[in-house]
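Everything below concerns the one structure shown next.
Atom set for the values below is all heavy atoms of this structure, side chains included, hydrogens, waters and symmetry mates excluded. Residue numbers count from 1 along this sequence.
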Amino acid sequence: MNNIIQHDIIQQHLINFTTKLIKNVEEMLSKEWDFTKLVEVVKESTDELGRNIIKDFLEELDKAIKEDDKRKKEWIVERKDKKSIITLLGGIEYSRTYYKSRKSGEYRYLLDDVIGIRKHEKVDKEVKIRLVENAINMSYEESSKVTCKEKLSRQTVFNAIRQVGEVEVKREVKEKRKVRVLYIEADEDHVALQNGKKEMPRLVYVHEGRQERNGRNELKNVYYKAYVGVEAEEIWIDVANYVYENYEIESIEKIYIAGDGARWIKEGIEWIPKAKFVLDRYHLNKYIIRGTAKREEYREKIWKAINEGDKKGLREIFKELASKAETNTEKERIKEVRRYILNNWEGIEIYKDDDDVIGCSAEGHVSHVLSARLSSRPLGWSKEGLKIMAKLRVFSKNGGNLREISVFKEDEKAFKVSKKKIKEAIRKINKSSREVMNNITILNIGKVTPIYRILKSIKYENII
C-alpha cells in the first residue's frame, strides 16, 4: 500500500512538471519569445521537480532506516518531525524520524545524520560554499542574489564566511624546490572600518621570477599571503617559514625583497637569509612626480642621476630644486622626496648593479588581490570580516578549494545505512518515474513537436 502511495506521489510530480513545462514553453513559443525568459521558465520547472524528487527520496530513505534491523536494536523511535533546508534548488521541506539511542540515551535524527545535515543547519553546505565563493568577488548582498533563489540575508552570507574562518592553502611538499634566485614582494592596502578607523591589510607573495605564457608575462610558482593586524616580525617569521619549508636554502644564491620602502617591508631583510631590498620603481616614480610637480624639467635630471648612481649629483639637483620653491609647503615636499630617495638608495642602485633584479609589481597585485574587493567600494568592514576576507582572497588566488577544508567535511556518523537500502529507495523512485514517462499523454498521441522529441528522448534514456 505504501509503495502504491509513494508511486502515486512521484507520478503526480512528473505529471505536474510535464504539464506545466509544456504549457509554459508552448506559450512562450506562440509569442515573440525571449530566450533568457525561456531558460528561466524551464529552470523554474526543473528546480521544482528536483525539490519534489529529493523530498520523496529522503522520506523513502527515512522509511528504510526505520525498517532497518540494526536500527531497531540500537535506536528507539520517538516521533516524526519536519525539517526545512535551503538548497541550490530552493527550499526543501521533508519529514524525518527522531530516535533515542538505547545505549547512550542521546537523541538523533538518523536520516539527517546519514545524509550529512548537521543539527540546526538551515542552509545546505553547497549553498554556503557558493555564498562564500561568490562573496570573495562581490558584496554579500550580490552573493546572496546569484547563489540561490531563496532570499538570504547579508548576515547569512557573513555567517557562512565566519564558519570558513581564516583559511590558507598549505602546499604539499614532496621535495623542496631548488632555485638560484627567489623574489618576495610586499605592499599594503588602506581599508575603512565600520568604526571610522583605518586598517592596512598587508600582502606578501613569493615567486621565482617571470615567465611568458600565451603571450603574457606572469609570475612563476607564485604564492600569496595576507595579514591583518599583524606585527612585521610575525609576518616575516611566517614568510621565512614558508621559504624554508618549500625551498632548499643552500641552492638559493639571492633573495630580493621588493616594495615601496616602508619600514615593515625592509624588516624582512633581518629575517630572510641572503635577502636584499629592492625599491619598487612605481613608488619611486610617484615620489619624483610629486617632488617636481611645479618643476617638471627636473624629472629627467633626477632620473639621469639615479640611473648613473650619482648620489652627489642628486643632492645638488634637489638643493637647486628647493631653492626655487615658492612656498614652504613646496619646499617641505621636495625635502621629503629627497629624503625618500636617499633613504632607499641601496634599493634603487641595485637595479644598476644586479642583472637578476626584475623590478616589482606589488602595487598591481595589491590592487588585484586585495583592493578590488576590500577598498574599491565605499563600505566599512568589521575587523573580523576584513581579516577573513583578506585570507579568502589569497586562498582563492592560491587555488584553494573550500570543499576540502575541515568545516565542510562530514562528521562521524552515528548510524550508517547499507548501500543496498539506498539502492532500494532509488529503485522505487526510478521505477515510478519510468511508469509515468510511459503514461504521459503527449508521448502517445503521435504528434511530432519539439517538446515531443525532448520527452521521447528522456523516455528512452529512462528505459535504457
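Between Ile252 atom CD1 and Leu182 atom CG the span is 5.0 Å, to the nearest 0.5 Å. Atom CD in Glu267 sits 11.0 Å away from atom CD1 in Ile272 (nearest 0.5 Å). The distance from atom CZ of Phe158 to atom OG of Ser144, rounded to the nearest 0.5 Å, is 15.5 Å. Between atom CG of residue Leu203 and atom OH of residue Tyr224 there is a gap of 7.5 Å, rounded to the nearest 0.5 Å. With values rounded to the nearest 0.5 angstrom, Ile405 atom CD1 is found 7.5 Å from Ile129 atom CD1. Here the CG-CZ distance, from Asn285 to Arg290, works out to 14.0 Å after rounding to the nearest 0.5 Å.
Under a 4.0 Å N-O distance rule, the pair Glu126/Arg130 qualifies as a salt bridge. Ion pairing between a basic and an acidic side chain is recognised when a charged N comes within 4.0 Å of a carboxylate O; Arg180 and Glu253 show such pairing. Here Asp310 does not pair with Lys312 in a salt bridge; the nearest charged N to carboxylate O distance is not below 4.0 Å. We find that Arg403 and Glu133 are joined by a salt bridge, their nearest charged nitrogen and carboxylate oxygen being less than 4.0 Å apart. A salt bridge does not link Glu199 to Lys387: none of the charged nitrogens lies less than 4.0 Å from a carboxylate oxygen. The residues Lys254 and Asp354 are annotated as salt-bridged, a charged nitrogen and a carboxylate oxygen being separated by less than 4.0 angstrom. Residues Glu245 and Lys176 are not paired through a salt bridge, judged by the lack of any N-O separation under 4.0 Å between the basic side chain and the carboxylate.
Using a 30° and 60° split on the angle between ring planes, Tyr98 and Tyr107 fall in the parallel class, below 30°. In this pair, Tyr99 and Trp75 present their aromatic rings perpendicular. The plane angle is above 60°, beyond the 30 to 60° band. Note on ring orientation: taking the six-membered ring where Trp is involved, the planes of Trp381 and Tyr140 are perpendicular (angle over 60°, cut-offs 30° and 60°).
Shown here is Glu248, whose CD atom has more than 12 heavy atoms of other residues, nucleotides or ligands within 6.0 Å. Residue Lys352 qualifies as enclosed at atom NZ: its count of foreign heavy atoms under 6.0 Å is above 12. Summarising the local packing, NZ of Lys149 is surrounded by more than 12 heavy atoms from other residues, nucleotides or ligands at distances under 6.0 Å. Environment of NZ in Lys304: sparse, with no more than 12 heavy atoms of neighbouring residues, nucleotides or ligands closer than 6.0 Å. A 6.0 Å sphere centred on CG of Asn328 holds no more than 12 heavy atoms belonging to other residues, nucleotides or ligands.
By the side chain to side chain donor-acceptor pair (under 3.5 Å) test, Asp47 pairs with Lys43, sequence neighbours left out. Partners of Thr329 by side chain to side chain donor-acceptor pair (under 3.5 Å), not counting sequence neighbours: none found.
Under 3.5 Å, the side chains of Arg171 and Tyr242 contain a donor-acceptor pair of N or O atoms. There is no side-chain donor-acceptor pair under 3.5 Å between Lys383 and Asn195. Side-chain polar atoms of Glu142 and Ser139 form a donor-acceptor pair below 3.5 angstrom. Side-chain contact check for Asp189 and Ser371: at least one donor-acceptor pair (N or O, by modelled atom type) lies under 3.5 Å. Under 3.5 Å, the side chains of Tyr298 and Lys324 contain a donor-acceptor pair of N or O atoms. Between the side chains of Tyr94 and Asp56, no donor-acceptor pair of N or O atoms lies under 3.5 Å. A donor-acceptor contact closer than 3.5 angstrom links the side chains of Gln155 and Asn159. If you check the side chains of Arg393 and Asn137, you find a donor sitting under 3.5 Å from an acceptor. A donor-acceptor contact under 3.5 angstrom links the side chains of Asp238 and Tyr227, judged on distance only. In this model, no donor atom of one side chain and acceptor atom of the other lie less than 3.5 Å apart for Glu212 and Asn217. For the residue pair Trp264/Glu188, the side-chain donor-acceptor check at 3.5 Å is satisfied.
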Can Lys266 and Asn344 be said to form a side-chain hydrogen bond (donor to acceptor under 3.5 Å, both in side chains), step by step?
CA-CA 10 Å; Lys266 284 184 169 181; Asn344 290 292; 2.8 Å; yes
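Between Arg338 and Arg315, the closest side-chain pair of non-hydrogen atoms falls below 4.5 Å. Between Pro201 and Val191, the closest side-chain pair of non-hydrogen atoms falls below 4.5 Å. In this structure the side chain of Ile115 reaches within 4.5 angstrom of the side chain of Leu61, judged on heavy atoms.
Both tests do not hold together for Lys391 against Phe395: distance to the six-membered ring centre under 6.0 Å, angle to the ring axis within 45°.
Looking at Tyr223, its side chain does come within 3.5 Å of a backbone N or O of Val169 through a donor-acceptor pair.
Put simply, the residue from Asp113, Asp112, Asp62 that forms a salt bridge (Lys or Arg N to Asp or Glu O under 4.0 Å) with Arg96 is Asp112. For the side-chain hydrogen bond (donor to acceptor under 3.5 Å, both in side chains) criterion with His207, the lone passing option out of Lys220, Glu218, Glu185 is Glu185.
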